[in-house]
Structure formats: structure tokens, C-alpha cells
Amino acid sequence: MLKLWIVGSESQVGKAILSVLDPMELEVLCTDKEELDITQTEDVLSYGEINRPDVIINCAAITDTKLCEANPELAYRVNALGARNLSLVARKHNAKIVQISTDDVFDGRKETPYTEFDDTHPLTVYGRSKRAGENYVKEFTHKHFIIRSTWVYGEGKNFVNALLQSAETETEVSIPTDQHGSPTSAKDLARIILHLIRTNEYGTYHATCKGHCSRLEFAEEILKLTGKTLKLNPALAENIPTARPANAVLDNFILRIIDVYDMPTWQESLKEYLEA
Ligand SMILES: NC(=O)c1ccc[n+]([C@@H]2O[C@H](COP(=O)([O-])OP(=O)(O)OC[C@H]3O[C@@H](n4cnc5c(N)ncnc54)[C@H](OP(=O)(O)O)[C@@H]3O)[C@@H](O)[C@H]2O)c1
């Protein structure tokens with residue numbers, strides 16, 4: 001039985017992996033910051049020595065982009081060096097490693113979707129620290145899957161839950177019309193991760209739900225599917241402090257050309273999430 005170590009098991013993606021995996025097929029180890037701080041190199045190495053995982057999935061990260069700007073040392077410690085520490089374990093024990101990454105490694109200025117072959121050019125501390133994490137994983141291991149996704153929502157803090165919260169407490173909100181992405185449920189991201197770890201198709205992947213929309217269209221679909229009312233004021237991203245890269249649309253180019261997995265559309269995925 002494969003021994004799977006979910007690092008950052010309290011994250012949206014970690015919880016989603018736990019909810020979709022078959023416990024009869026995998027032996028699962030879970031840690032989050034409380035049990036094991038991934039920035040503590042010796043602790044991480046010793047956990048690996050004791051537990052000898054076959055597959056490590058790194059969901060742990062500082063994902064709060066404002067916190068990353070305010071505290072770059074923390075961002076690099078967790079997003080870059082934490083990934084390095086887990087890579088050291090993977091290399092030592094010949095384990096596969098999944099590093100989850102983000103569209104923020106790109107600058108968002110391209111007019112068409114980004115493929116895995118586009119050059120990265122992050123504009124933020126979050127994006128730069130995540131790219132550094134990718135690079136460490138590439139440098140220290142060869143059995144790796146670097147999986148970039150975007151606009152992820154699951155059990156935790158995200159756009160869907162924030163909008164539904166606003167619908168309870170506010171009458172109107174401003175939402176960007178000039179920001180585009182592919183909303184991806186954490187469960188669908190979890191499913192592709194669990195599929196890939198069974199293969200030897202190592203490398204970097206873009207894995208998002210099919211199709212794309214503006215932030216405003218995403219918000220409209222959330223309200224439509226839940227029947228909630230909230231006035232959505234179209235706005236430009238530059239006027240909203242929390243705005244993210246303009247083009248966050250990733251093309252699942254490699255998944256398509258090797259034909260290993262088909263993601264659902266973002267609308268199907270959102271419907272499943274909201275119904276659950
Ligand atoms: N959310 C998105 O839209 C999105 C999009 C693309 C890619 N991703 C990537 O997907 C992955 C998972 O994202 P997510 O949104 O599911 O994450 P999340 O919900 O923000 O959770 C991150 C987890 O990492 C933990 N953590 C932080 N520092 C740690 C440390 N030093 N040691 C161990 N654990 C630590 C956090 O614990 P505390 O809460 O206690 O700090 C938290 O449980 C990340 O790599 C992220 O970059 C996310």
C-alpha cells in the first residue's frame with residue numbers, strides 16, 4: 001500500500017485530498033503547522049526518517065498575498081525553504097513529491113492562457129517565493145509533480161466563501177471585470193493530484209477546471225447557483241486593493257497533449273461544490 005504524506009493537511013487542498021481519497025488504497029500521514037513546521041529542517045528530515053513516505057504532497061504555504069508582501073522572510077521560509085526541506089526527504093527516501101504552485105508565478109500580462117512552457121515572471125513576493133519553491137523541488141528531486149492551479153476554492157478562506165459571506169452582511173460589493181481566471185474546486189484539484197501520483201509522468205503541470213471567466217462572471221454564477229442576492233458593482237482591478245494578476249488563466253496544455261486526465265468545466269465544478 002502506498003504511504004502518502006499530506007503536508008499542510010488543514011489547507012483547503014489538503015482537506016479536499018482527504019475527502020476524495022480511498023483509505024483502503026492508501027496509508028495516509030497528515031501534518032500541519034501544529035504537528036510539524038516545514039521550515040524546521042532537522043524536524044522535517046527526522047519525520048521523513050521515521051515515517052518513510054512513498055509520496056509527499058506539499059499543500060503547506062503562506063497563501064495570504066498581503067502577509068507575504070509584509071513579511072517576505074516568512075514567505076520565503078515557508079514557500080521556498082519549506083519546499084526544499086520536503087524535497088530533501090523525497091530525495092533521501094526516493095519518494096515522489098507533489099509541489100502545489102500557482103498562476104502567480106506569471107505576471108498576468110499575457111493576452112492568452114499560460115502554458116507550462118511560458119517563462120515565469122512573478123510580480124509579487126508570494127509569486128516569487130512560490131517560484132523559488134518550484135525551483136528547489138526541481139533542483140533536489142527528479143520524481144516530482146509541480147502542479148500549478150488558480151482561483152482555488154474549498155473548505156477555507158476563498159473568493160466563493162467570502163462572496164457568500166458578503167451576501168449575508170452587505171448589500172453591494174465591487175468586483176473586477178478585468179481579471180480573468182479558471183475557478184477550480186479544491187476537490188477537482190485533489191482528484192488530478194491523486195491520479196498523477198499513480199503515474200510516472202513527472203514534470204510541471206497546469207491543472208485548472210476547463211473554461212475561464214472574469215471575476216465578475218464568477219461572482220454572478222455563485223449568486224445564480226445559490227439564489228443569494230447581492231449587488232455586484234463592476235470595477236477595475238487597479239481600484240481594488242486585493243486584486244490579483246489580470247490574466248490568471250492557465251492552459252492545461254500538458255494534460256491535454258498526454259491525454260491522461262480531463263478536468264470538468266468550472267461551472268460543473270462550482271455546482272458540485274455549492275451543492276455539497
Ligand atoms: N488558494 C488558491 O487560490 C491557490 C491557487 C493556486 C495554488 N495554490 C496553492 O495550493 C496550495 C494549497 O493552498 P490552500 O489555499 O489550500 O492553502 P491554505 O488553505 O492557505 O492552507 C495553507 C496551510 O499551510 C499551513 N502552513 C503555513 N505555514 C506552515 C509551516 N511553516 N509548516 C507547516 N504548515 C504550514 C497553514 O497553517 P496555518 O493556517 O496554521 O498558518 C495552512 O493550514 C498552496 O501551495 C498554494 O500556494 C492555492
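Whatever order the structure lists ligands and atoms in, that order sets their numbers, starting from 1.
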K.L.:
Could you point out which residue of Asn247, Asp119, Asp118 forms a side chain to side chain donor-acceptor pair (under 3.5 Å) with Lys110?
P.N.:
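Going through the options one by one, the only one that passes is Asp118.
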K.L.:
Are any of the N or O atoms of Thr150 closer than 3.5 Å to those of ligand 1?
P.N.:
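No - when backbone and side-chain N and O of Thr150 are compared with those of ligand 1, no distance drops under 3.5 Å.
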K.L.:
Going hydrophobic residue to hydrophobic residue with side-chain gaps under 4.5 angstrom, can you get from Leu194 over to Leu189?
P.N.:
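Yes: a chain of side-chain contacts under 4.5 Å links Leu194 to Leu189.
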K.L.:
Quick one: do Lys66 and Glu69 satisfy salt bridge (Lys or Arg N to Asp or Glu O under 4.0 Å)? Show the steps, please.
P.N.:
CA-CA 5 Å; Lys66 278 201 227 158; Glu69 292 302 320; over 6 Å; no
K.L.:
Are any of the N/O atoms in Ala61 less than 3.5 Å from those in ligand 1?
P.N.:
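The answer is yes, given that Ala61 and ligand 1 share an N or O pair closer than 3.5 Å.
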K.L.:
With a 3.5 Å distance limit and no angle check, can you tell me whether Asn252 reaches the backbone of Thr208 through a side-chain donor-acceptor pair?
P.N.:
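Side chain of Asn252 to backbone of Thr208: a pair is present.
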K.L.:
Need the ligand 1 atom indices (1-based, order shown) with element for anything under 4.0 Å from a heavy-atom of Asp37.
P.N.:
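Once the distances to Asp37 are compared, the set is 30 (C), 31 (N), 32 (N).
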K.L.:
Test your reading of the structure: does Thr63 have an N or O sitting under 3.5 Å from an N or O of ligand 1?
P.N.:
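Between Thr63 and ligand 1 (N or O atoms, distance only) the closest approach is under 3.5 Å.
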K.L.:
Has ligand 1 got any nitrogen or oxygen that is less than 3.5 angstrom from a nitrogen or oxygen of Val152?
P.N.:
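So ligand 1 has an N or O lying under 3.5 Å from an N or O of Val152.
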K.L.:
Tell me, please: is Ser101 in heavy-atom contact with ligand 1, that is, under 4.0 Å?
P.N.:
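Right, Ser101 reaches ligand 1.
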K.L.:
If you measure from each non-hydrogen atom of Val13 to ligand 1, which part falls under 4.0 Å: side chain, backbone, both or neither?
P.N.:
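The answer is both, backbone and side chain.
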K.L.:
Any Lys/Arg nitrogen of Lys157 or Asp64 sitting under 4.0 Å from an Asp/Glu carboxylate oxygen of the other?
P.N.:
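Salt bridge absent between Lys157 and Asp64.
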K.L.:
For the pair Tyr202 and Phe145, name the ring-plane relationship: parallel under 30°, tilted 30 to 60°, perpendicular over 60°.
P.N.:
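Ring orientation, 0 to 90° scale: tilted.
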K.L.:
Under 4.0 Å from a heavy atom of Glu10: which atoms of ligand 1 are those, numbered in the order shown and with their elements?
P.N.:
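It comes down to these atoms of ligand 1: 43 (O).
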K.L.:
Passes side chain to side chain contact (heavy atoms under 4.5 Å, CB included), His144 versus Ile146? Steps please.
P.N.:
CA-CA 6 Å; His144 61 244; Ile146 291 169; 4.2 Å; yes
K.L.:
Check each atom of ligand 1 against the heavy atoms of Lys130 and keep those under 4.0 Å away; list them by number with element.
P.N.:
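Within the 4.0 Å cut-off of Lys130, ligand 1 contributes 44 (C), 45 (O), 46 (C), 47 (O).
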K.L.:
Should Lys92 and Glu49 be marked as a salt bridge (Lys or Arg N to Asp or Glu O under 4.0 Å) after you check the CA-CA gap, both sets of side-chain angles, and the distance that decides it?
P.N.:
CA-CA 9 Å; Lys92 177 135 194 242; Glu49 199 63 49; 2.6 Å; yes
K.L.:
Run the salt-bridge test on Lys130 and Glu134 with the 4.0 Å N-O cut-off and return the result as yes or no.
P.N.:
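Salt bridge between Lys130 and Glu134, a charged N being under 4.0 Å from a carboxylate O: no.
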K.L.:
Ligand 1 and Ile62, any nitrogen or oxygen pair closer than 3.5 angstrom?
P.N.:
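Ile62 vs ligand 1: no N/O contact under 3.5 Å.
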K.L.:
With a 4.0 Å heavy-atom cut-off (strictly under), which part of Phe159 contacts ligand 1: side chain, backbone, both or neither?
P.N.:
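Looking at Phe159 and ligand 1, no heavy atom falls under 4.0 Å.
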K.L.:
Is Glu272 paired with Arg191 through a side-chain N to carboxylate O contact shorter than 4.0 Å?
P.N.:
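Salt bridge present between Arg191 and Glu272.
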K.L.:
Under 4.0 Å from a heavy atom of Leu36: which atoms of ligand 1 are those, numbered in the order shown and with their elements?
P.N.:
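Answer for ligand 1: 32 (N), 33 (C).
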K.L.:
Would Glu25 and Arg198 pass as an ion pair if we require N to O under 4.0 Å?
P.N.:
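Yes, Glu25 and Arg198 are salt-bridged.
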K.L.:
So for Gly156, does at least one of its heavy atoms come nearer than 4.0 angstrom to any atom of ligand 1?
P.N.:
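The answer is no: ligand 1 sits nowhere under 4.0 Å from a heavy atom of Gly156.
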K.L.:
Does ligand 1 have an atom that lies less than 4.0 angstrom from a heavy atom of Ser149?
P.N.:
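The answer is yes: ligand 1 sits under 4.0 Å from a heavy atom of Ser149.
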K.L.:
Below 4.0 Å, non-hydrogen atoms only: which portion of Ile38 touches ligand 1? Side chain, backbone, both or neither.
P.N.:
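For Ile38, backbone and side-chain atoms both sit under 4.0 Å from ligand 1.
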K.L.:
Report yes if some N/O of Asp32 lies less than 3.5 Å from some N/O of ligand 1; otherwise report no.
P.N.:
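Yes.
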K.L.:
Give a yes/no on ligand 1: does Val7 have at least one heavy atom closer than 4.0 angstrom to it?
P.N.:
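No.
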K.L.:
Which option wins on minimum heavy-atom distance to atom 18 (P) of ligand 1: Ala190, Ser11, Ser9?
P.N.:
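The nearest heavy atom belongs to Ser11.
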